Amino acid sequence: MISLDIKKKADELRTEINYHNHRYYVLDDPEVSDAEYDKLMRALSALEAKYPELVTPDSPTQRVGAKPLDKFLTVQHKQPMVSLENAMDEAEFEQWYERLMSELKGAKEIDFVAEPKIDGTAVELVYEKGIFKVGSTRGDGMTGELITENLKTIKSIPLRLIEEDFPLPAYLEVRGEVFINKDAFNKLNRERAQKGEELFANPRNAAAGSLRQLDPKITAARPLDIMIHGIGDTKGVKEKTHQDMMEYLSALGLKVIRHSQLCGNLEELKKYHEKMLSERDKIPYEIDGIVIKVNDFSLRDRLGMRARSPRWAIAYKFPAREETTKLLDIKVQVGRTGALTPVAILEPVSVGGVEVSRATLHNQDEIKRLDLKIGDTVVIKRAGDVIPKIVKVITSKPRGKDNFIMPDKCPECGSKIVFPQDEVIARCPNIACPAQVKGRIEHFAQREAMNIEGLGEKIIEQLVNKGLVKDPSDLYALTKDDILKMERMGEKLAQNIMDAIKNSIKEATLPRLIYALGIRHVGEAIAKTIAEHFQSIDEFMEAPQEKLEEIPEIGSVVAETIRQFFSDSSNRKVIEKLKKAGIDPKAGKPKVGKLAGLIFVFTGELEKYPRSKAKEIVESLGGKTSESVSKKVSYVVAGPGAGEKQDKAKKLGIKVIDEKEFLKMVEE
């Protein structure tokens, strides 16, 4: 016999662990450290191992307790899981709206709930008396595959609903979307690439494939998440609107869809669509449109259903960001560090409203992985401002015949290319290669570096081609007459460029100069860190590798790259010429201010300032900023769209603040 005290202890542990799961996986607001949480789980596991009779189906220890299946069984949905009608553009959406308003003529008040359309996999969860009993896929809408054990592995799905503010329903079916957020998806693909495994094409495919694993342990290893957006059959639920229903489900411990909004008319719905389209890339998971639903359940009943979709809801889609086109050729592009990058030349196609004719292919290994041949029909994807990339080859179409082979000579200067040790990227070793020269000068002139406004790609190309500029230091020897020789160059523009070159001398700081040099692995943030440890460019240039490795954020690889850069006599000559031109900034005294000793990380969107300005404010007040979250960080400032950095901060116990709190710190 198990004593009542032991049973009570097991119940208390399960309740406490479920509470912390809800805080962490649903609310994104943990109250205990990972170590404390692990201690609770070990205590419960030990009790259940000693007294197997204590194990319950909803115990937190049972998320991965099932044996692999031979095949999936099927389950009948009590209410069909129908799909939504799609509006592909504004005209189709307006037609739906006008038709709906006509059918609801006479209704006193009509509100709509608008929410993001998550690009994931639809599932149904069934709870009986608050216990998760059955989970299934949408399937054909009437019958789905039984994937209960796989869904149990998703930690944002409560195995037992919370019974506090609201009574538990006797029976509850909820529908939602299983997905993988963008950061987790990229990490998953990186891990698969390191193991030599096939990469997932997109987060939706990864989520769907993970749910349909016969072994729940494989599903458990995938970073799946869920958001609930609706209900099926229920008993004991009294809510009369969708908005009230979502609040009720949230109170029960379910993770309901976020970023939703109540709208009262057509214009508000259009503005919401525009807003979500503009914020699409800031949201941490993939969305492909918005879903609009009539809020009032009685009005939904009045509108009714079509054969396969409700009349009271519609999916207003975003422009497609994946399209099919033909690979016409593969050209090789040479960057400022000498890296040779294959670039796909495509039959022009509109993707997300932008005409695309080129896509990056990264390296020879990527081409091999895709099994890409010139002449293939391919799927290309464009996400935000990211260069389009080829996702896959459509093998059902006629295949191309020509394989791509990386040239053994640089296409720009004819030098024999090299493959540095431990790299998959081919490089041109000739630092005088015209492509490298142009790239280095573009980098040197950009706003975050020496900030030479007006010196664009086309002007730089002409300056290099005419032999007027062979390295960045030559910019300071240019005359106005030299610049006037450029095509489409006027007197005023030439003078503006000359003024910008002179101003860059006055405004040069040590961090800007270090970043402008274009040393591999030395980005803007690391350049600022380096400048805090050296008084001048000369001191930095002569620093031994051991001293460089002592600097936070600089490891042996970065330190070695810096030493290699300065061991090249031509790079040293460039620095000497810059000093003669008047560019020899000294490190200023460390700023003392109210943020002295504090390190900030920014993630997500800020409303009042762009991130670059917010970082400048921190540094002006004596603080520091970082691009990565570590135990050294003092605060993570999280705005809408914050993702993995915010999650990591919470795990490390770093304080996460919003923009309002940040502004209070810096402005008061």
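All residue numbers refer to positions in the sequence shown, counting from 1. These figures come from a predicted structure and were not determined experimentally.
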key: Side-chain donor/acceptor of Lys594 to backbone N/O of Gly622, under 3.5 Å   = no
Ring pair (Phe, Tyr, Trp, His ring centres under 6.0 Å) partners for Phe662, two or more places apart = Phe600, Phe602
ask   = In Å, rounded to the nearest 0.5 Å, how long is the span from CD of Glu366 to NZ of Lys389?
value = 7.5 Å
Counterpart residues, side chain to side chain contact (heavy atoms under 4.5 Å, CB included), relative to Gln213 (two or more places apart) = Ile218, Thr219, Arg222
query = Just wondering, do Tyr248 and Pro169 contact through their side chains at under 4.5 Å, heavy atoms?
reply = yes
Residue pair Met665 / Leu595, side-chain heavy-atom distance below 4.5 Å = yes
request  = Using salt bridge (charged side-chain N to carboxylate O under 4.0 Å, His left out) as the criterion, list what pairs up with Lys152, not counting sequence neighbours.
outcome  = Glu149
message = Around atom NZ of Lys182, are there more than 12 heavy atoms from other residues, nucleotides or ligands closer than 6.0 Å?
response = yes
inquiry  = Distance check, rounded to the nearest 0.5 Å: Ile226 atom CD1 versus Lys255 atom NZ?
reply    = 9.5 Å
query = Quick check: does any side chain N or O of Asn150 sit under 3.5 Å from a backbone N or O of Leu211, one acting as donor and the other as acceptor?
reply = yes
request  = With rounding to the nearest 0.5 Å, note down the distance linking CD in Glu85 to CD1 in Ile314.
outcome  = 4.5 Å
query = In chain order, what residues pass the side chain to side chain contact (heavy atoms under 4.5 Å, CB included) check against Leu262, with sequence neighbours excluded?
reply = Asp111, Val113, Gln243, Asn295
Residues that Lys624 engages under side chain to side chain contact (heavy atoms under 4.5 Å, CB included), provided they are two or more places apart = Glu532, Ile599
With Met246 via side chain to side chain contact (heavy atoms under 4.5 Å, CB included) - residues at least two apart = His242, Leu249, Val256
inquiry  = Measuring from atom OG1 of Thr625 to atom CD1 of Ile617, what distance do you get when rounded to the nearest 0.5 angstrom?
reply    = 12.0 Å
request  = Walk me through it: do Val134 and Leu146 pass the test side-chain contact (heavy atoms from CB on, under 4.5 Å)?
outcome  = CA-CA 7 Å; Val134 178; Leu146 191 64; 3.5 Å; yes
ask   = Are the side chains of Leu188 and Pro223 in touch, meaning some heavy atoms are under 4.5 Å apart?
value = yes
inquiry  = Using side-chain heavy atoms (C-beta onward) and a distance below 4.5 Å, is Glu279 in contact with Lys275?
reply    = yes
request  = State, yes or no, whether a side-chain contact exists between Asn21 and Tyr37 at a heavy-atom distance under 4.5 Å.
outcome  = yes
task = May I ask you to establish whether Lys78 and Tyr171 are in a cation-pi arrangement, using a distance under 6.0 Å from NZ or CZ to the six-membered ring centre and at most 45° from the ring axis?
result = yes
key: salt bridge (Lys or Arg N to Asp or Glu O under 4.0 Å) assessment of Arg138 paired with Glu145   = CA-CA 8 Å; Arg138 182 206 298 273; Glu145 288 180 315; over 6 Å; no
remark   = The single option from Gln261, His259, His229, Lys293 that satisfies side chain to side chain donor-acceptor pair (under 3.5 Å) with Glu115 is Lys293
key: Any Val637 side-chain heavy atom under 4.5 Å of Leu606 side chain   = yes
request  = Check whether any side-chain N or O of Arg175 sits under 3.5 Å from a backbone N or O of Glu124 as a donor-acceptor pair, and report yes or no.
outcome  = no
remark   = Applying ring pair (Phe, Tyr, Trp, His ring centres under 6.0 Å) to Tyr316 and not counting sequence neighbours gives Phe93, His273
note = The residue among Ile287, Ile290, Ile257, Asp288 that forms side chain to side chain contact (heavy atoms under 4.5 Å, CB included) with Lys117 is Asp288
inquiry  = Measuring from atom CG of Asp281 to atom CD of Glu286, what distance do you get when rounded to the nearest 0.5 angstrom?
reply    = 8.0 Å
request  = Only counting residues at least two apart or in another chain, list the ones meeting salt bridge (charged side-chain N to carboxylate O under 4.0 Å, His left out) with Glu177.
outcome  = none
inquiry  = If we count only N and O atoms by modelled type, under 3.5 Å, do the side chains of Asp296 and Ser298 hold a donor and an acceptor together?
reply    = yes
inquiry  = Please check this pair: side chain of Thr148 against backbone of Gly135, looking for a donor-acceptor N/O pair closer than 3.5 Å.
reply    = yes
ask   = Do any N or O atoms from the side chain of Arg160 and from the backbone of Arg14 form a donor-acceptor pair under 3.5 angstrom?
value = no
task = Please name all residues satisfying ring pair (Phe, Tyr, Trp, His ring centres under 6.0 Å) with Tyr285, sequence neighbours left out, ordered by chain then number.
result = Phe179
query = With sequence neighbours left out, what residues match Asp119 under salt bridge (charged side-chain N to carboxylate O under 4.0 Å, His left out)?
reply = Arg204
query = Okay, side chain of Glu549, backbone of Ile554: is any donor-acceptor separation there less than 3.5 Å?
reply = no
task = Count the heavy atoms of every other residue, nucleotide or ligand shown that sit under 6.0 Å from NZ of Lys528, and state whether that count exceeds 12.
result = yes
key: Partner set under salt bridge (charged side-chain N to carboxylate O under 4.0 Å, His left out) for Asp244, not counting sequence neighbours   = none
message = Could you check whether any side-chain N or O of Thr15 sits under 3.5 Å from a backbone N or O of Asp11, counting only pairs where one atom can act as donor and the other as acceptor?
response = yes
query = Is the shortest heavy-atom distance from the side chain of Leu252 to the side chain of Leu172 under 4.5 Å?
reply = yes
query = Does Thr234 use its side chain to pair, donor to acceptor, with the backbone of Val237 at less than 3.5 Å?
reply = no
inquiry  = Other residues, nucleotides and ligands only: do more than 12 of their heavy atoms fall within 6.0 Å of CZ on Arg192?
reply    = yes
Phe200: ring pair (Phe, Tyr, Trp, His ring centres under 6.0 Å) partners, not counting sequence neighbours = none
